[in-house]
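In each ligand, atom 1 is the first atom listed, and ligand 1 is the first ligand listed. Owing to the predicted nature of the structure, the values given are computational and were not obtained by experimental measurement. Just so you know, residue 1 is the first one in the sequence shown, and it goes up from there.
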Amino acid sequence: MTKPIYILNGPNLNLLGQRQPEIYGRETLADVEADCARVAAEKNMSVKLFQSNHEGVVIDTIHEARQEACGIIINPGAFTHTSVAILDALNTFEGPVIEVHISNVHKRESFRHHSYVSLRADGVIAGLGTEGYQAAVRRIGTLVSK
Ligand code: DQA
């Protein structure tokens with residue numbers, strides 16, 4: 001079996017399911033993990049889901065992924081729009097990176113329209129709700145089997 005896909009989630013996403021459900025829906029991160037594990041298993045792959053409210057922890061986990069993961073799916077939350085440090089960390093990772101946003105950030109406030117992470121991401125998914133994570137798993141499966 002290949003190394004797992006790391007699914008990294010930034011600040012406030014621990015509250016998924018409770019936080020502004022009209023924007024982010026009712027599914028929890030545990031639901032996301034179960035859905036992604038099922039999709040990954042169809043391709044004989046696995047996932048490991050992480051969440052942190054701390055930028056440095058997200059960066060440390062990206063560094064860990066350099067050895068331990070075949071690809072990264074990242075929803076950096078608000079760090080998307082602020083963090084050069086997360087961009088720099090992702091630039092040290094050699095496998096595929098897919099950026100996911102549950103909401104359609106382009107339909108929202110203008111400060112959400114810019115993403116540092118998009119400068120590294122091989123693909124960006126926004127506005128598919130939590131299904132976006134499953135689409136990202138499928139895409140990483142395709143990219144790593146090439
Ligand atoms: C988000 C969008 C960000 O602008 C916001 O700060 C989040 C979640 C999304 O998944 O839609 O925390 O990344």
Query - Proximal candidate to atom 13 (O) of ligand 1 [heavy atom criterion; set L13, N75, I125, I23] - result: N75
Report summary line: Sorted by chain and residue number, the salt bridge (Lys or Arg N to Asp or Glu O under 4.0 Å) partners of D60 (sequence neighbours excluded) come out as none
Query raised in the report: Are any of the N/O atoms in V105 less than 3.5 Å from those in ligand 1?
Result: no
Report task. Inspect the surroundings of CD in E131 and state if more than 12 heavy atoms from other residues, nucleotides or ligands are less than 6.0 Å away. Result -> no
**Report entry** Residue R19 excluded, over 12 heavy atoms near CZ under 6.0 Å
**Finding:** yes
Query raised in the report: Backbone or side chain, does any N or O of H81 fall under 3.5 Å from an N or O of ligand 1?
Result: yes
Query - Side chain, backbone, both or neither: the part of R112 lying under 4.0 Å from ligand 1 by heavy atom - result: side chain
Query raised in the report: Between G77, S103, P76, which one has a non-hydrogen atom sitting closest to atom 11 (O) of ligand 1?
Result: S103
Query raised in the report: Considering residues, nucleotides and ligands other than E22, do more than 12 of their heavy atoms fall under 6.0 Å from its CD?
Result: yes
Query raised in the report: Under 3.5 Å, is there a donor-acceptor pair between the E64 and Y6 side chains?
Result: yes
Query raised in the report: Is there at least one pair of N or O atoms, one from V100 and one from ligand 1, spaced under 3.5 Å apart?
Result: no
Query raised in the report: Any chance the side chains of E99 and T80 put a donor and an acceptor closer than 3.5 Å?
Result: no
Query raised in the report: Y24 heavy atoms, cut-off 4.0 Å: which ligand 1 atoms fall inside?
Result: 5 (C), 7 (C), 8 (C), 9 (C), 11 (O)
Query raised in the report: Hey, is N12 one of the residues with a heavy atom under 4.0 angstrom from ligand 1?
Result: no
Requested in this report: Number the atoms of ligand 1 from 1 as they appear, then name those within less than 4.0 Å of a heavy atom of A78, with their elements.
Outcome: 6 (O), 12 (O)
Requested in this report: May I ask you to identify, for I102, whether its side chain, its backbone, both or neither come under 4.0 Å of ligand 1 on a heavy-atom basis?
Outcome: both
**Report entry** Distance-minimising heavy-atom pair for S103 and Y24
**Finding:** OG-CE2, 4.0 Å
Report task. On the 0 to 90° scale, with breaks at 30° and 60°, tag the H81-H101 ring pair as parallel, tilted or perpendicular. Result -> parallel
Query - atom 1 (C) of ligand 1: nearest protein contact (heavy atom, Å) - result: H101 ND1, 3.8 Å
Query raised in the report: Any non-hydrogen atom of R19 lying under 4.0 Å from ligand 1?
Result: yes
